Chemist: 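Below: one structure in structure tokens.
Computed from heavy atoms alone, side chains included, the values below leave out hydrogens, waters and symmetry copies. Order of listing sets the numbers, starting from 1, for every ligand and every atom in it. One is the number of the first residue; the rest follow in order along the sequence. The shown structure was predicted, so the numbers you read here are calculated from the model rather than taken from an experiment.
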Amino acid sequence: MTHVPENHPRYLSLKYREIIAEGVRRGITAIEGMTAHGRGETFDYILGEKTHDFAFEAERAAVALMLLSRHPVISVNGNTAALVPKEIIELSEVLSAVLEVNIFHFSEERVRNIKEYIESFGGKILADLDAELKGLTSARRMVSSKGILIADTVMVPLEDGDRCEILKTNGKKTITIDLNPLSRTSRMADITIVDNIIRAIPNMIKIAEELKDYPKKELEEILARYDNKKILNRSIIAIRDYLTEKATEVMS
Ligand code: ATP
């Protein structure tokens with residue numbers, strides 16, 4: 001992996017680019033995952049590269065929903081595995097959620113590589129692909145009979161809109177992490193976390209440690225107060241305000 005000096009003004013961004021490139025070299029991340037990462041970076045840039053209050057609210061609601069679920073599953077693709085392998089394991093453990101490999105650009109080898117990569121950090125992850133979701137003919141219908149097939153809630157970070165739609169038509173609640181509030185996934189999910197996954201997952205671990213002892217009623221109240229349309233609205237306005245501020249700044 002290319003060494004990125006820590007004093008570089010864009011250190012974090014360059015570091016995570018290197019991690020994604022290394023994911024491709026290891027056969028974990030699809031080559032298309034690099035363009036998806038680039039799109040994410042762009043939205044992060046125009047959101048000021050920080051967790052906004054609306055993202056924090058969505059992260060809290062997502063944790064509440066996962067804790068209330070009977071069988072919560074976190075779907076892991078090549079970008080998620082490369083960017084936050086340890087953190088996703090830790091989150092699944094605090095939430096008692098199942099991890100399952102589920103990828104858009106399908107290859108058996110990549111499924112195996114992701115599974116082995118997560119296991120190398122001590123995590124347990126399903127990758128059976130022994131069951132089918134209804135309403136699909138492509139390889140993407142294949143899921144695990146112990147995971148997504150029987151899940152009531154699925155967290156699908158960094159995904160495309162189709163997957164989210166299929167999960168919904170199969171009766172599952174969906175949570176996504178997507179820096180683009182305009183994407184089909186963002187519009188489709190029950191809870192949309194407009195934040196970088198590298199910040200969102202550590203935030204959710206802290207929130208889960210706090211909420212895991214809350215009574216069911218309080219978790220239900222967090223969800224009852226939550227309105228995903230308002231969250232999307234606030235995130236788009238945050239981008240507008242950030243750009244307005246920058247437009248003023250360049251004139252000074
Ligand atoms: P849709 O089908 O939902 O309209 P899309 O075709 O853009 O979306 P993909 O190309 O699969 O879907 O991209 C996945 C999404 O993940 C993109 O919207 C991108 O902004 C987002 N993304 C990429 N990297 C990150 C990251 N590190 N954190 C959060 N979101 C990210």
Chemist: So, D152 and K173, do they make that salt bridge, N to O below 4.0 Å?
Modeler: no
Chemist: So is there a nitrogen or oxygen of F43 less than 3.5 Å from a nitrogen or oxygen in ligand 1?
Modeler: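 For ligand 1, there is no N or O atom that lies under 3.5 Å from one belonging to F43.
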Chemist: Are E221 and K217 ion-paired here, with the side-chain N under 4.0 Å from a carboxylate O?
Modeler: yes
Chemist: At less than 4.0 angstrom from any non-hydrogen atom of G161, what atoms of ligand 1 do you find?
Modeler: 1 (P), 2 (O), 3 (O)
Chemist: Which residue supplies the protein heavy atom nearest to atom 22 (N) of ligand 1, what is that atom called, and how far is it?
Modeler: G40 CA, 3.8 Å
Chemist: Please verify the inter-ring angle class for F54 with H52; under 30° counts as parallel, over 60° as perpendicular, anything in between as tilted.
Modeler: parallel
Chemist: Salt bridge between R199 and D44, side-chain N to carboxylate O under 4.0 Å?
Modeler: yes
Chemist: Do E220 and R225 meet the salt-bridge criterion of a basic N to acidic O distance under 4.0 Å?
Modeler: no
Chemist: Numbering the atoms of ligand 1 from 1, which are under 4.0 Å from a heavy atom of A36?
Modeler: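 That gives atoms 13 (O), 19 (C), 23 (C), 24 (N) of ligand 1.
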Chemist: If I apply the N/O under 3.5 Å rule, does D162 come out as touching ligand 1?
Modeler: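 By distance alone, the answer is no.
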Chemist: Could you list which atoms of ligand 1 come closer than 4.0 Å to a heavy atom of D195?
Modeler: 28 (N), 29 (C)
Chemist: Does E22 come within less than 4.0 Å of R25, counting only side-chain N to carboxylate O?
Modeler: yes
Chemist: Roughly how far, to the nearest 0.5 Å, is CG of D227 from CG of N233?
Modeler: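 Going from the CG atom of N233 to the CG atom of D227 covers 9.5 Å.
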Chemist: Applying the side-chain contact (heavy atoms from CB on, under 4.5 Å) criterion to N102, which one of N77, V143, L167 satisfies it?
Modeler: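 So the option named by the test is V143.
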Chemist: List ligand 1 atoms under 4.0 Å from R184, heavy atoms only on the residue side.
Modeler: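 So the answer, numbered in order with elements, is 1 (P), 2 (O), 3 (O), 4 (O).
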Chemist: Among all the protein's non-hydrogen atoms, which is closest to atom 16 (O) of ligand 1, and how far away is it?
Modeler: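 Of every protein heavy atom, L158 CA, 3.7 Å lies nearest to atom 16 (O) of ligand 1.
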Chemist: Pick, from D178, T185, L83, the option with the minimum heavy-atom distance to atom 18 (O) of ligand 1.
Modeler: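 Result: the heavy atom closest to atom 18 (O) of ligand 1 is in D178.
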Chemist: As an exercise, identify every atom of ligand 1 less than 4.0 angstrom from a heavy atom of N180.
Modeler: 18 (O), 20 (O)
Chemist: Could you identify the single nearest non-hydrogen protein atom to atom 6 (O) of ligand 1 and state the distance to 0.1 Å?
Modeler: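 Closest protein heavy atom to atom 6 (O) of ligand 1: R39 NH1, 3.7 Å.
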Chemist: Please list the nearest protein heavy atom to atom 28 (N) of ligand 1 with its residue and the distance rounded to 0.1 Å.
Modeler: I197 N, 3.0 Å
Chemist: For ligand 1, is there an N or O atom under 3.5 Å from any N or O atom of L179?
Modeler: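 Checking ligand 1 against L179, an N or O pair does fall under 3.5 Å apart.
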Chemist: Do E119 and K115 meet the salt-bridge criterion of a basic N to acidic O distance under 4.0 Å?
Modeler: yes
Chemist: Between D162 and R184, does any side-chain N to carboxylate O distance fall below 4.0 Å?
Modeler: yes
Chemist: At their closest point, which heavy atom of V63 faces which heavy atom of L95, and how far apart are they?
Modeler: CG1-CD2, 4.0 Å
Chemist: Mark the output for N79 as yes if a heavy-atom distance to ligand 1 is under 4.0 Å, and as no if none is.
Modeler: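 Contact absent.
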Chemist: Check whether any N or O atom of H37, backbone or side chain, sits under 3.5 Å from an N or O atom of ligand 1, and answer yes or no.
Modeler: no
Chemist: Would you mind checking if E41 and R17 are paired as a salt bridge, meaning a charged N to carboxylate O distance below 4.0 Å?
Modeler: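 Salt bridge flag = yes for E41 with R17.
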Chemist: For ligand 1, is there an atom lying under 4.0 Å from some heavy atom of I198?
Modeler: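 No; I198 lies far enough from ligand 1 that no heavy-atom distance drops under 4.0 Å.
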Chemist: Do me a favour and list the nearest non-hydrogen protein atom to atom 8 (O) of ligand 1 with residue, atom name and distance?
Modeler: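 Looking at atom 8 (O) of ligand 1, the protein heavy atom closest to it is S183 CB, 3.9 Å.
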Chemist: Taking atom 14 (C) of ligand 1 as the point of reference, which of M188, R163, E159 owns the nearest heavy atom?
Modeler: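 That would be E159.
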Chemist: For atom 11 (O) of ligand 1, what's the nearest protein heavy-atom neighbour? Residue, atom name and distance, please.
Modeler: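 Protein heavy atom with the smallest distance to atom 11 (O) of ligand 1: D160 CB, 3.7 Å.
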Chemist: Give the residue and atom name of whichever protein heavy atom lies nearest to atom 26 (C) of ligand 1, and the separation in Å to one decimal.
Modeler: N196 OD1, 3.6 Å
